[in-house]
Every structure is written in structure tokens, then in C-alpha cells.
Amino acid sequence: MKGQGGGKNWAINHTIHYWLGKYKKSLSLSLAALAVITGVLPLLFIPELISLNVTITCIFIITLFLIFYMTNRVGKFISLVIISFIWGNWHCIDIKNKMDFLSEKNYKIDLTVISIPLAGKEYKHKVRIDRINSKIIFPPLYALWKTKAPLCAGQSWQIVGKLKPLHSSLNEGGFNQQRYLLAKRQIGLLKSQQQKILDSQCSIRQKLINYYSQQISPLNNAGVIYALMFGERGLLTPQHLTYPPNLRP
């Protein structure tokens with residue numbers, strides 16, 4: 001009986017030490033988030049991106065994942081910082097290369113319409129670039145498409161066109177719209193010479209907007225209602241975007 005009790009105690013102690021050892025090697029969610037932020041933060045300050053092709057990037061990331069799995073908490077943190085930096089740097093290079101490629105000449109591009117302006121006066125529509133010369137683009141890129149063709153969100157189009165890349169105004173210390181749009185993978189303005197529709201079906205979201213538009217448009221706060229219901233800010237006026245005098249900080 002005494003031997004059995006000793007065996008049970010040993011098994012319990014062994015289990016406790018095992019899980020304590022696992023805990024010491026594990027990385028909490030907060031530290032993992034801090035490592036990812038620390039890894040991508042240098043991309044805001046480095047003067048030039050580090051040129052790495054896809055093969056070298058994949059080899060680096062796989063190696064660092066193995067190090068991440070085998071090392072202690074400090075090693076996991078450092079390897080995750082490096083992984084985040086390499087991954088972010090590769091994404092930046094990928095976007096830059098595609099911008100340069102699309103701005104050289106006209107290409108056959110397959111698009112999906114994401115949103116259309118509500119005001120009806122603009123002809124710039126947000127689209128997702130699905131294919132370039134029949135090659136699938138992943139992760140997807142976004143752009144504005146300048147056209148007077150009647151569109152609705154959800155439609156698929158094929159165009160032959162060229163990209164006008166984003167450019168940043170020289171407003172030192174001000175809002176950097178170029179960086180903001182690139183962070184959302186929006187790369188510029190597309191101008192098409194030829195275009196044809198592939199799928200004319202509108203999305204469910206667009207159908208809901210069309211359904212409620214006649215009921216909402218006559219209201220005084222139509223812009224606010226559209227923004228709250230559908231996330232569309234096209235009908236907001238400058239008065240909506242400023243604080244009332246009694247609510248200003």
C-alpha cells in the first residue's frame with residue numbers, strides 16, 4: 001500500500017513539473033502581441049525595404065518557427081519579432097512590385113466591385129483586384145476604378161487598363177494618406193480602355209442599400225444613418241465630421 005501511495009505521488013509530482021516546464025516555455029497572448037508589434041514597427045522608420053525573394057522569405061520563416069517551437073520564452077519572443085518583421089517586409093515588397101508592374105502598361109485585370117459612391121457625382125469605385133492576366137492575386141489588392149459605367153457592389157468585371165499609383169503629398173508632420181491606404185492594400189487608381197462585365201449579380205449588401213435608400217434619403221440625418229447601418233461615409237457632410245461647440249474637447 002505504501003508503495004502504491006509513493007507511486008501516485010511521484011506521478012502527480014511528475015505531471016506538475018511537466019506542466020510547469022511547459023508554462024515556462026510558453027508565450028502569453030500579451031507577449032505575442034507585443035512581439036508582433038515590435039517586429040513590424042521598424043517598417044515605419046527604415047529608409048528602404050530589405051529585398052528578399054519569396055523562397056528566402058519562406059526558408060527564414062520556417063527556420064524561425066522551428067526555433068520558436070524548441071526554445072524557451074525569451075527565444076520564442078525574439079523569433080516571433082523577427083518573423084513579424086520578415087513577414088511585414090515581404091508584404092511591403094509584394095505590394096510595391098505589383099504597383100510598379102501595373103503602372104508600366106495596360107494589362108487584363110479581373111475586378112470585383114466592393115463599393116460605389118452614394119452621392120452619385122463621383123465615378124471612382126472601390127474594387128478588389130482578383131486576377132492580373134488570368135493569374136490569381138493573393139492576398140488581394142484594392143484600388144479605385146474610374147469609370148462611368150453603371151455599377152453595383154458585387155459585380156465582376158474584366159478590364160484592360162493601367163494603374164496610376166498612389167502618391168503622398170509633401171505635408172510634413174500631417175496625415176499620410178498614402179501610408180494609410182497602403183496599409184489597407186489600396187494601391188491607386190485604375191483607368192480602363194476596354195471593359196466587359198463577367199457577372200452582373202449585385203451583392204446582398206448592395207441590395208439592402210438599394211432597398212432602404214428610398215426610405216432613408218428624405219430624412220435629415222440620412223448620411224449618419226447610412227454610416228451607422230452600412231459603414232458608408234459618402235453622404236456625411238462636413239458638419240457631421242466636426243464636433244458641436246458644446247462637445248469639443
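Everything numeric here is computed off the predicted structure, so don't read it as measured data.
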Which heavy atom of [X] sits nearest to which heavy atom of [Y], and what is that distance?
X: Ser103; Y: Pro165; answer: CB-CG, 3.7 Å
X: Trp145; Y: Ile159; answer: CZ2-CG2, 3.5 Å
X: Leu49; Y: Cys92; answer: CD1-CB, 3.6 Å
X: Phe85; Y: Pro42; answer: CE1-CB, 4.1 Å
X: Cys152; Y: Ser200; answer: SG-O, 4.5 Å
X: Ile137; Y: Pro139; answer: CG2-O, 3.6 Å

May I ask you to check whether Ser203 and Gln206 show a side-chain donor-acceptor distance below 3.5 Å?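 Absent: no donor and acceptor within the cut-off.
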Donor-acceptor pair between Asp199 and Gln155 side chains, under 3.5 angstrom: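 On atom types as modelled, these side chains do not qualify, holding no pair under 3.5 Å.
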Got [X] and [Y] here, is their nearest side-chain heavy-atom distance under 4.5 Å?
X: Tyr107; Y: Val160; answer: no
X: Gln186; Y: Lys126; answer: yes
X: Ile109; Y: Leu190; answer: yes
X: Lys108; Y: Gln158; answer: yes
X: Ile95; Y: Leu182; answer: yes
X: Ile209; Y: Arg205; answer: yes

Whether over 12 other heavy atoms sit under 6.0 Å from [X] [atom1]:
X: Leu44; atom1: CG; value: yes
X: Phe60; atom1: CZ; value: no
X: Lys146; atom1: NZ; value: no

Of Leu43, Ile86, Asn89, Ile93, which is the lone residue that meets side chain to side chain contact (heavy atoms under 4.5 Å, CB included) with Ile50?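 Between Ile50 and the candidates, side chain to side chain contact (heavy atoms under 4.5 Å, CB included) is satisfied uniquely by Asn89.
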Gap separating the [atom1] atom of [X] from the [atom2] atom of [Y], nearest 0.5 angstrom:
X: Lys76; Y: Ile83; atom1: NZ; atom2: CD1; value: 10.5 Å
X: Lys191; Y: Thr147; atom1: NZ; atom2: OG1; value: 12.5 Å
X: Lys96; Y: Ser51; atom1: NZ; atom2: OG; value: 9.0 Å
X: Leu102; Y: Leu141; atom1: CG; atom2: CG; value: 7.5 Å

Check for a donor-acceptor pair, side chain of Arg128 on one end and backbone N or O of Ala143 on the other, with a separation under 3.5 Å.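 Such a contact is absent between Arg128 side chain and Ala143 backbone.
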Does Gln195 offer a backbone N or O that forms a donor-acceptor pair with the side chain of Ser192 under 3.5 Å?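 Pair absent, no side-chain N/O of Ser192 close to backbone of Gln195.
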Establish whether [X] and [Y] are linked, either directly or via other cluster members, by ILVMFWY side-chain heavy-atom contacts under 4.5 Å.
X: Trp157; Y: Leu189; value: no
X: Leu111; Y: Leu198; value: no
X: Ile116; Y: Ile197; value: yes
X: Ile187; Y: Phe101; value: yes
X: Leu41; Y: Leu31; value: no

According to ring-ring contact (aromatic ring centres under 6.0 Å, His included), does anything in residues 32-59 pair up with another residue at least two apart or in another chain? List the pairs.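 Passing the test, one end in residues 32-59: no pairs.
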Check step by step if salt bridge (Lys or Arg N to Asp or Glu O under 4.0 Å) holds for Asp94 and Arg185. CA-CA 10 Å; Asp94 181 61; Arg185 300 184 67 83; 3.8 Å; yes
Give the intermediate values and the outcome of side-chain contact (heavy atoms from CB on, under 4.5 Å) for residues Asp110 and Ile132. CA-CA 7 Å; Asp110 292 356; Ile132 301 174; over 6 Å; no
Can the positive tip of Lys184 be found less than 6.0 Å from the middle of the six-membered ring of Tyr142, inside 45° of the ring normal?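 No, Lys184 does not sit over the ring of Tyr142.
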Give me the ring orientation class for His91 and Trp87: parallel if the planes are under 30° apart, tilted from 30 to 60°, perpendicular past 60°.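 The arrangement is perpendicular - the two ring planes meet at more than 60°.
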